[in-house]
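Values in this document were obtained by computation on a predicted structure and should not be read as measured data.
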Amino acid sequence: MPFTEQILGVVNSSDGHRVLLVLRERHAKPFELRTETFSSNVGWFTQQSLELTRLEFSGLKNVLGLPLARVCSQTLQDIQPADREESGQSILSFAAATKTA
């Protein structure tokens with residue numbers, strides 16, 4: 001069965017670049033932020049990418065407080081966490097963060 005991905009959000013710029021938030025099925029780090037560039041010869045291609053676990057994405061959306069984060073929250077609940085992250089890195093909790101407008 002092929003892997004599928006869903007684009008959750010796109011931030012476009014006027015200079016041929018964009019940032020995508022992508023949800024990827026069956027990955028230990030299911031969220032990916034991609035910086036893409038457009039070329040008339042190639043189309044859109046990835047320049048940089050950053051993979052995020054459920055917990056990392058949850059912390060990021062809490063810090064940013066973007067409307068996109070609210071849209072993605074239902075999808076976040078549907079994703080099963082990886083068995084165990086053995087990266088040796090600590091994950092900071094942003095549960096106590098408050099949003100100020």
Side-chain angles (χ1 to χ4, degrees):
M1 182 178 230
F3 291 110
T4 60
E5 55 185 42
Q6 177 182 0
I7 297 174
L8 300 176
V10 178
V11 178
N12 290 308
S13 70
S14 60
D15 62 353
H17 295 69
R18 67 182 182 183
V19 176
L20 275 71
L21 174 60
V22 179
L23 173 64
R24 305 173 308 156
E25 288 185 4
R26 298 182 301 191
H27 283 80
K29 294 187 174 187
F31 293 97
E32 183 177 23
L33 288 172
R34 293 182 191 156
T35 302
E36 295 186 340
T37 301
F38 183 79
S39 166
S40 58
N41 295 328
V42 179
W44 288 103
F45 61 97
T46 302
Q47 290 286 338
Q48 299 170 332
S49 67
L50 175 66
E51 296 177 335
L52 301 167
T53 65
R54 291 178 70 247
L55 294 173
E56 291 167 337
F57 177 72
S58 181
L60 179 63
K61 74 175 190 152
N62 287 336
V63 168
L64 296 176
L66 298 174
L68 175 62
R70 282 184 239 117
V71 171
C72 299
S73 64
Q74 182 62 38
T75 306
L76 181 63
Q77 300 303 322
D78 296 336
I79 299 171
Q80 298 300 319
D83 292 337
R84 180 168 229 167
E85 293 181 16
E86 298 293 338
S87 66
Q89 299 176 345
S90 298
I91 298 175
L92 300 176
S93 172
F94 295 100
T98 58
K99 181 179 175 184
T100 58

Checklist entry - Do Glu51 and Arg24 come within less than 4.5 Å of each other through their side chains, counting heavy atoms only? => result yes

Checklist entry - Does some side-chain heavy atom of Thr37 sit less than 4.5 Å from a side-chain heavy atom of Trp44? => result no

Item to check | Residues Asp15 and Ser13: side-chain donor-acceptor under 3.5 angstrom | outcome: yes

Checklist entry - Do Thr35 and Gln47 have a side chain donor and acceptor closer than 3.5 Å? => result no

Do [X] and [Y] land in one hydrophobic cluster if side-chain heavy atoms of ILVMFWY residues count as linked below 4.5 Å?
X: Leu50; Y: Leu21; value: yes
X: Leu60; Y: Leu23; value: yes
X: Leu33; Y: Leu8; value: yes

Checklist outcome for this item: In terms of heavy-atom contacts, Thr53 and Ala28 come closest through CG2-O, 4.2 Å

If you round to the nearest 0.5 Å, how far is [atom2] of [Y] from [atom1] of [X]?
X: His27; Y: Glu5; atom1: NE2; atom2: CD; value: 8.0 Å
X: Leu20; Y: Arg34; atom1: CG; atom2: CZ; value: 7.0 Å
X: Leu52; Y: Lys61; atom1: CG; atom2: NZ; value: 13.0 Å

Checklist entry - What's the verdict on side-chain contact (heavy atoms from CB on, under 4.5 Å) for Glu36 and Thr46, showing C-alpha distance, side-chain angles and the deciding distance? => result CA-CA 4 Å; Glu36 295 186 340; Thr46 302; 3.7 Å; yes

Next on the checklist: Using the rule given for side-chain contact (heavy atoms from CB on, under 4.5 Å), can you reason through Val22 versus Phe31, listing the C-alpha separation, both sets of side-chain angles and the distance that settles it, and then say yes or no?
Outcome noted: CA-CA 6 Å; Val22 179; Phe31 293 97; over 6 Å; no

